[in-house]
Amino acid sequence: MVDRITVEICMGTTCYVMGGAQLAGIADRLPEEWRERVTVKGMRCSGACQQGDRLGRAPFVRVAGKLIAEADEGKVFSAIREALAQ
């Protein structure tokens, strides 16, 4: 079982405008049982959007090292759930 995972939300301009700003408050919406095992923080531009559509589109979030394109709360929560189950 994983002790603690990190969720990094890209705060580069494109990601911020495309939804990263709304994701920034996700820590407050985590289920109570996850709060001691999940760290949420902003990160500088991941550079993923500069790869064209090869990696997907903004906003980007990294959960336990896994990059998520077109991130929304549902995708991020699913990735957290998966990471915590490992």
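None of the values given here were measured: they were computed from a predicted structure. The first residue of the sequence shown is numbered 1, and numbering continues consecutively from there.
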Sequence neighbours excluded, which residues qualify as side-chain hydrogen bond (donor to acceptor under 3.5 Å, both in side chains) partners of Thr39?
Arg4

For Glu32, enumerate each residue passing the salt bridge (Lys or Arg N to Asp or Glu O under 4.0 Å) test, keeping only those at least two apart in sequence or located in another chain.
Arg35

Side chain to side chain, Leu30 and Val40, heavy atoms closer than 4.5 Å:
yes

Is the number of heavy atoms from other residues, nucleotides or ligands within 6.0 Å of CD (Glu36) greater than 12?
no

Close side-chain approach of Phe60 and Leu67, heavy atoms under 4.5 Å:
yes

Listed partners of Ala64 passing side chain to side chain contact (heavy atoms under 4.5 Å, CB included), at least two apart
Ile5, Ala83

Enumerate the residue pairs fulfilling ring pair (Phe, Tyr, Trp, His ring centres under 6.0 Å) with a member in residues 61-86, sequence neighbours excluded, ordered by first and then second residue.
Trp34-Phe77

Set out, in order, the CA-CA distance, both residues' side-chain angles and the distance that settles side chain to side chain contact (heavy atoms under 4.5 Å, CB included) for Arg62 and Val7, then state yes or no.
CA-CA 6 Å; Arg62 192 176 296 133; Val7 175; over 6 Å; no

Pairwise side chain to side chain donor-acceptor pair (under 3.5 Å) hits with a residue in residues 67-79, at least two apart
Arg29-Glu73

Using atom types as modelled, flag every donor-acceptor pair under 3.5 Å from a side chain in residues 8-28 to any protein atom, sequence neighbours excluded.
none

Does some side-chain heavy atom of Arg37 sit less than 4.5 Å from a side-chain heavy atom of Leu84?
yes

Check the pair Val63 / Val38 against side chain to side chain contact (heavy atoms under 4.5 Å, CB included), numbers first and verdict last.
CA-CA 10 Å; Val63 176; Val38 178; over 6 Å; no

Applying salt bridge (Lys or Arg N to Asp or Glu O under 4.0 Å), can you list everything that pairs with Glu82, at least two apart in sequence or on another chain?
Lys66

